[in-house]
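One structure below.
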Amino acid sequence: MAELLDFFQLALVKATPLIFAALAGVICERSGILNIALEGGLTVGAFTGAAVSFETGNPLLGLIAGMLAGALLCGLLGVAATRFGVDQIVAGIGLNMLAAGATAFAVVVLFGAPGATPEVHALGSAGETALIAVAVVAALALQLGFDRTPWGLRLRACGENPQAVLSAGLDPRRIRVLATLAGGAIAGLGGVFLSLGELDLYSDGMTAGRGFIALAAVIFGRWTPLGAAGAALAFGALSALQFVLQRSGVPSELMQALPYLAALAALTGIVGKARAPAADGVSL
Amino acid sequence: MSRRNAAIFAAVLLAIAAGAMALAGANPLAGFAALLRGALGGERQLSETLVQTTALLFPSLAVAFAFRAGLFNIGAEGQLIVGGLFAGLAGAALVAPGWIAIPVILLAGAAGGAIWGGIAGALRARFGGNEVIATLMLNIVAALLANYLVVGPFHAPAATGPETAELPVSSWLPVLIPGTRLTISLLLALALAGALSFMFARTVFGYALQAAGEAPQAAARAGIDLRRTALVALTLSGAIAGFGGATLVAGVLHRFNVALSPGYGFIAIAVALVGGLDPLWIVLAAFAFGILQSGSLTMQALAHVPKDVVGFVEGLAILGLSARRIANPREESA
Amino acid sequence: MVETAGAALEAIGIVKRFGTLVAVDGVDLELARGEIHALCGENGAGKSTLARILAGALAPSAGRVASDGPVGLVHQHFELVDRLRVWENVVLGREPRRGLRLDAAAARERVRSLAREYALDVDPDAVVESLPVGIAQRVEILRELAREPSTLVLDEPTAVLAPREIDALFATLRSLAARGAAIMVITHKLQEVISHANRVTVMRGGRVVLRAATAETSLDAIARAMVGGDVPALATRRAVTPHAAFAARDLRAGDGAHALRGASFEVRGGEIVGIAGVEGNGQSALCDAIAGVVPYAGEMTLDGEPLRGNPGARTAAGVRTIPQDRQREALVLPWSIARNVALGDHTRPPLRRGWSLDRQACDALATEIVRRFDVRAASIRTSVAALSGGNQQKVVVGRALAHEPRVVIAYQPTRGIDVGAASLVQSRLIEARNAGAAVLLVSFELDELLAVADRILVLYRGAIAGEFVREGFDRARIGALMAGAA
Amino acid sequence: TNGGGTGKAASGAHQLRLAMVTDTGGLGDKSFNDSAYRGLQMAKSKFDAEIAVQESKSAADYQPNLTVLADGDYDEIFAIGFLMNNDLTEVAKNYPDKHFAIIDAVNPQPNVASVTFREQDGSFLAGALAAMVTKTKTIGFLGGIDSPLLRKFEVGYAAGAREIDPNVKVVVKYVGSFEDVASGKELADVMYGGGADIVYIAAGKSGLGAIDEMRARPNAYAIGVDSNQDALVPGKILTSMVKHVDVAVFKIASEVHAGKYPSGSVQLGLKEDGVGLTDFAYTKALIGAAHIARLAALREAIVAGKIVPPSTRDELAAFTPVKL
Ligand SMILES: Nc1ncnc2c1ncn2[C@@H]1O[C@H](COP(=O)(O)OP(=O)(O)OP(=O)(O)O)[C@@H](O)[C@H]1O
Ligand SMILES: Nc1ncnc2c1ncn2[C@@H]1O[C@H](COP(=O)(O)OP(=O)(O)OP(=O)(O)O)[C@@H](O)[C@H]1O
Ligand SMILES: [Mg+2]
Ligand SMILES: [Mg+2]
């Protein structure tokens with residue numbers, strides 16, 4: 001019983017950054033921006049959170065700064081995709097490289113040694129628990145926001161037919177940029193969870209592909225906040241299971257590959273046919 | 001992007017790169033000079049640049065091949081890895097004269113890449129699954145698979161690292177210039193670029209492929225089977241990338257190693273787009289990125305510019321170059 | 001005559017340049033409250049551009065627009081969010097709220113009351129993608145009406161509507177005008193202009209070439225102004241001995257409201273069979289089944305042989321189609337004319353030679369089509385994206401008729417193109433018939449069928465409801481059958 | 001020669017110039033690249049040497065990186081990591097007048113000095129220590145990515161535990177990454193939560209997370225790796241299995257400074273002080289003098305060749321305790 005509880009706790013902890021990133025993905029994709037740069041959003045969020053907490057000694061400021069950094073990075077994608085007609089996927093790949101390079105470089109410049117920051121003031125286990133709760137609440141709140149508010153309606157419309165949004169007298173570019181800013185802030189929070197919630201430092205590569213698992217969760221969750229959060233939770237449980245079952249005969253690489261294989265399976269429609277937003281990935 | 005915007009963008013990029021170097025305590029001018037000298041400064045430098053060009057060229061042509069058919073293959077990286085893996089396994093196992101072994105190794109690589117691309121193609125053809133996501137996921141699965149096989153069942157007994165056994169010397173690709181790593185794979189890549197260029201411009205197959213990419217509904221009405229096209233295009237695209245992985249194994253490393261690629265498959269997307277998806281321009285674009293790849297090593301050594309700055313600048317470049325429209329030249333006029 | 005009560009909108013000296021092209025070249029226009037104003041002109045005359053400028057969706061290069069209230073624009077191609085509900089589409093951007101929340105009940109009620117007020121019957125909870133075009137158009141109009149515009153501009157609103165729906169639309173517009181709004185309708189259907197509009201403006205090459213009250217002008221005068229001369233006469237039909245060519249037995253395809261439910265008919269060589277009917281009665285399914293792009297049940301034969309296989313095999317057998325959406329279903333827009341003319345025939349000689357496409361043969365074919373169909377293009381290397389809609393259509397028709405087709409399936413081949421081009425296309429169909437082809441012509445415009453067809457079949461709810469031969473064409477009876485009379 | 005834009009020593013005296021090529025782990029790996037770099041920095045401060053580092057992004061970079069440095073006038077070029085061995089052979093042949101050294105591999109070229117370590121020896125002592133101290137009779141090994149090198153640590157550790165007490169359970173887990181700090185922490189949580197009270201952490205940066213987890217748990221201890229990590233959490237890191245890459249690099253640098261260019265290969269084990277446990281600065285009381293004495297005896301046995309710690313899983317299966 002206690003073990004089961006431990007397992008659930010571990011699954012939740014594993015899932016939380018995925019939930020944040022997946023929610024960010026849902027917001028962006030429902031507005032029509034296919035955001036491959038979630039990984040980069042997590043990275044800059046984690047780094048900025050740690051760096052600002054180091055400089056100010058205040059992890060809450062770090063949290064805010066991490067969200068801003070995520071918003072900035074993904075907002076860049078939003079602006080590029082709405083103002084410069086970029087190809088979103090290529091831009092996303094570029095942003096991921098940029099985020100990885102810039103943070104690694106900044107670690108050297110700011111802290112004198114490569115690889116990782118020193119330990120910083122973190123949010124502590126209370127903060128970690130709070131952020132886990134925030135992730136769950138955010139999923140619920142976003143679902144309600146999508147279904148029940150004018151902004152949700154506009155966002156959904158924008159991901160389906162930006163032209164129609166334009167002729168309804170709204171500016172789809174603005175909506176998309178706002179969506180990437182909001183999504184980026186949430187992805188940044190996912191990064192902050194890693195560096196200041198679970199841990200108390202930033203280390204190069206610490207996001208370790210979580211942004212890509214989140215993309216899979218978005219599909220698996222059929223582009224809805226609750227669905228994506230649920231998928232993220234399932235993927236979190238898979239990783240937790242991987243930890244527990246390791247070396248019981250199953251290759252650990254296979255266990256690690258499960259979320260990605262699950263996403264591939266989702267593409268076959270076995271979890272039910274869901275369509276991506278019609279204008280997902282279509283630049284304006 | 002207009003020519004003027006492109007110029008402004010390039011200037012901004014250079015400025016940011018210079019700023020980053022200065023921040024790192026390096027002299028930007030020395031950095032750029034080192035970049036050029038390291039890439040083009042002599043026969044050896046040039047040959048290394050061409051090695052990088054070749055390494056980029058295969059996945060770039062692979063990406064262009066799929067894009068032309070309207071399929072966003074961002075899985076060239078995974079296809080390259082699996083191709084290299086197959087080539088490494090075949091090459092280590094095969095004891096045969098070079099004229100047999102080398103083609104077999106290269107074809108094994110192509111087959112590996114084809115399988116990996118074909119999975120995405122089948123998902124697309126059979127279920128309409130989005131190939132962007134499929135190829136993205138397959139990249140990660142490829143890396144895990146390679147690690148599992150190379151550390152586990154196929155680990156070379158003598159090797160300390162995650163790699164397969166060394167290929168017999170007779171199975172190495174012949175070098176073009178003695179004392180360098182430049183092999184006939186460059187010629188193969190150029191020939192492939194030429195063949196693809198001809199294929200797109202002249203052949204019925206290329207015609208159908210591009211029609212399916214540009215106007216799927218019209219193509220379907222013209223008797224072009226879209227599902228088959230998706231399967232064939234992604235499979236062949238994967239085969240090209242996998243072939244490239246095999247040339248790295250047989251020509252550069254002489255074994256498969258999990259660190260085979262620094263992300264050639266991702267940079268290839270930028271290369272393909274900069275080359276306007278036109279094989280001949282892609283050759284030039286690959287050369288330009290080859291300069292960056294190979295010159296950046298010298299930048300570290302001579303100007304003490306950290307490698308992360310190079311990654312950062314490459315990211316910026318890809319971001320900027322993504323601003324070229326590739327899809328529909330006819331903009332929605334509203 | 002409706003009383004006009006001053007100008008709702010006034011445009012002065014409007015100029016719009018795209019690069020070197022002057023799309024609108026100094027247009028003055030005044031729309032009066034209470035009037036229905038028709039805007040006509042050949043393809044590329046600048047109508048849509050002007051409309052967008054009037055509605056504020058596009059900034060003019062010169063000139064100014066003054067209006068005494070919002071200007072609504074109903075687009076040529078609908079701009080609705082397919083996967084949202086009707087009410088969501090209508091209130092988008094002006095949502096009623098309760099606190100932070102969207103007040104869905106109020107929104108539904110708003111749509112219902114608007115629908116009642118203007119007699120535009122629609123279910124607020126229907127998902128748009130499930131709606132037939134005529135209803136979707138109502139949604140688009142409702143959305144504009146919800147903004148209470150003082151001027152409403154509609155760009156080719158009737159191109160996709162059935163005659164009855166057209167009448168209903170104009171009834172709505174009339175009641176809107178009666179409340180003091182100004183209405184401008186762009187259309188290529190000159191009969192509508194005469195029957196429903198108060199005034200007409202004709203554009204040509206970006207300039208206004210005719211302004212008139214409809215009561216004081218004629219269909220012919222408008223057409224001549226548009227074309228800048230005489231409208232070319234239709235080709236004459238020669239007597240041919242018809243022979244059985246194409247036959248369909250109990251053909252079923254598609255599902256839902258637009259399905260084809262068991263149609264049996266034949267089209268003989270040397271005859272044009274017109275399919276009359278309101279859109280959405282199975283026409284698409286019929287054409288798609290013959291082209292082989294959708295699954296179907298039933299049998300088809302060509303000269304007694306079963307017709308099977310994929311679209312390519314059918315093309316090879318001599319079945320040629322002119323699809324309904326030329327830009328998506330027929331052309332590869334970025335490609336040149338020369339490259340486009342091979343599409344569908346790229347797998348066979350004479351256009352194929354070994355592994356390659358024979359460029360010379362493609363060029364020769366393209367040159368021939370451009371000549372015979374009067375395609376207005378700089379050269380055969382011009383990208384078809386740069387052609388106007390009418391000229392694109394000519395390329396599509398030219399390609400379909402190029403290789404001595406045995407069967408031609410033409411779905412609304414003159415939709416959206418100007419009278420001159422339409423006449424040319426119709427003539428070429430008649431010539432193909434004269435040469436022995438079996439032509440199946442689907443049109444929602446009865447006038448076109450009456451002018452061109454040898455025989456008319458009425459399609460109603462997916463089945464053939466009546467048949468008329470040319471000597472016995474009965475406009476009223478056909479119209480009644482189209483509307484579902486027994 | 002190619003002096004680049006780098007500053008030359010002002011005086012006539014020759015300035016020592018040293019360079020290294022990292023493997024794809026790069027600087028900041030908290031493992032042997034960092035350790036080698038420390039060695040270079042020692043040489044820098046001691047001999048006023050000029051140092052340069054070339055980081056590699058892929059396996060294909062090794063050869064050009066080595067070549068670029070060989071073209072510069074460096075007195076000694078260090079190749080860090082076994083992965084570079086083949087490429088080094090090529091470059092060493094092409095530059096017979098240049099001097100190289102490689103860590104973790106044996107290279108036959110005359111102008112290359114090779115240094116390898118017997119990680120399993122030190123790990124054996126770590127395992128023995130853990131088996132002596134554990135209260136739960138369960139200890140853990142946490143690796144980065146499963147690979148032959150890491151298995152030398154894992155297997156030596158397990159053998160050492162078996163030597164002391166065959167009933168001690170050794171839980172082995174791999175993070176699957178050297179960089180995933182969070183997963184390192186979570187896995188540590190699983191291991192400590194599953195009853196292990198001591199975990200030997202050989203996971204690069206992922207290990208930072210594991211240490212973080214350990215710190216927060218009462219009665220949980222860790223054993224560090226590669227460099228002396230004892231001070232990270234004083235009293236809770238029992239010891240560190242140090243692998244003196246830095247010392248080896250510095251030693252070669254000193255010889256070069258003295259005008260001698262070493263070549264041939266050395267294998268550094270316990271005897272040569274290439275590997276070994278730290279001095280229990282914070283944990284003497286905790287471990288107790290008896291255990292420390294027993295460790296010393298084990299060390300002697302290994303040095304004397306009476307115990308040969310296994311280096312592969314097959315050898316481990318065949319390993320039977322010597323029972324001194
Ligand atoms: N966005 C644009 N960029 C460049 N040229 C344009 C653009 N939009 C329209 N044009 C040009 O302006 C001219 C007028 O186009 P417009 O769409 O107004 O014609 P139209 O009268 O509506 O034609 P149709 O009857 O075919 O709908 C055309 O020649 C077209 O080439
Ligand atoms: N970017 C562009 N450059 C040049 N011409 C353009 C461009 N975009 C649109 N056009 C022109 O604008 C005109 C109007 O485009 P639109 O899509 O409305 O076609 P259309 O001529 O109205 O055809 P339809 O009969 O289908 O309405 C066309 O003549 C087309 O050539
Ligand atoms: Mg128009
Ligand atoms: Mg038009």
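Computation of the quantities below employed the complete heavy-atom set of this structure, encompassing side-chain atoms and omitting hydrogens, waters and symmetry-equivalent molecules. As the structure is a prediction and not an experimental result, all values here were calculated from the model. The sequence lines fix the lettering, A, B, ..., with proteins before strands; numbering per chain opens at 1.
- Using a 4.5 Å cut-off between heavy atoms, C:A330 touches chain B through its backbone atoms (N, CA, C, O) alone.
- Ranking B:V204, B:D225, B:T203 against chain C, the residue ahead of the rest is B:V204, based on heavy-atom pairs under 4.5 Å.
- Dense packing is recorded around CZ of C:R147, with more than 12 heavy atoms of other residues, nucleotides or ligands lying under 6.0 Å away.
- The distance from atom OH of B:Y207 to atom CH2 of C:W335, rounded to the nearest 0.5 Å, is 5.0 Å.
- In this structure, chain B has heavy atoms under 4.5 Å from both the backbone and the side chain of C:A342.
- No more than 12 heavy atoms of other residues, nucleotides or ligands lie within 6.0 Å of CZ in B:R227, so this atom counts as exposed by the packing criterion.
- A salt bridge links B:R221 to C:D288: at least one charged side-chain nitrogen sits closer than 4.0 Å to a carboxylate oxygen.
- At a 4.5 Å heavy-atom cutoff, the contact between C:L357 and chain B is made by backbone and side-chain atoms alike.
- In the displayed structure, C:R348 atom CZ is contacted under 6.0 Å by more than 12 heavy atoms of other residues, nucleotides or ligands.
- Looking at C:V293, only its side chain comes within 4.5 Å of chain B, counting heavy atoms on both sides.
- Between B:A222 and C:H346, the shortest heavy-atom contact is O-CE1, 3.8 Å.
- Proximity to chain B (any heavy atom under 4.5 Å) is restricted, for C:N340, to the backbone atoms N, CA, C and O.
- Note that the CG atom of C:L331 and the CD atom of B:E214 stand 12.5 Å from one another [nearest 0.5 Å].
- In this structure, C:R339 CZ and B:Q210 CD are separated by 5.5 Å, a value rounded to the nearest 0.5 Å.
- Of the two parts of B:A220, only the backbone, made up of N, CA, C and O, holds a non-hydrogen atom closer than 4.5 Å to a non-hydrogen atom of chain C.
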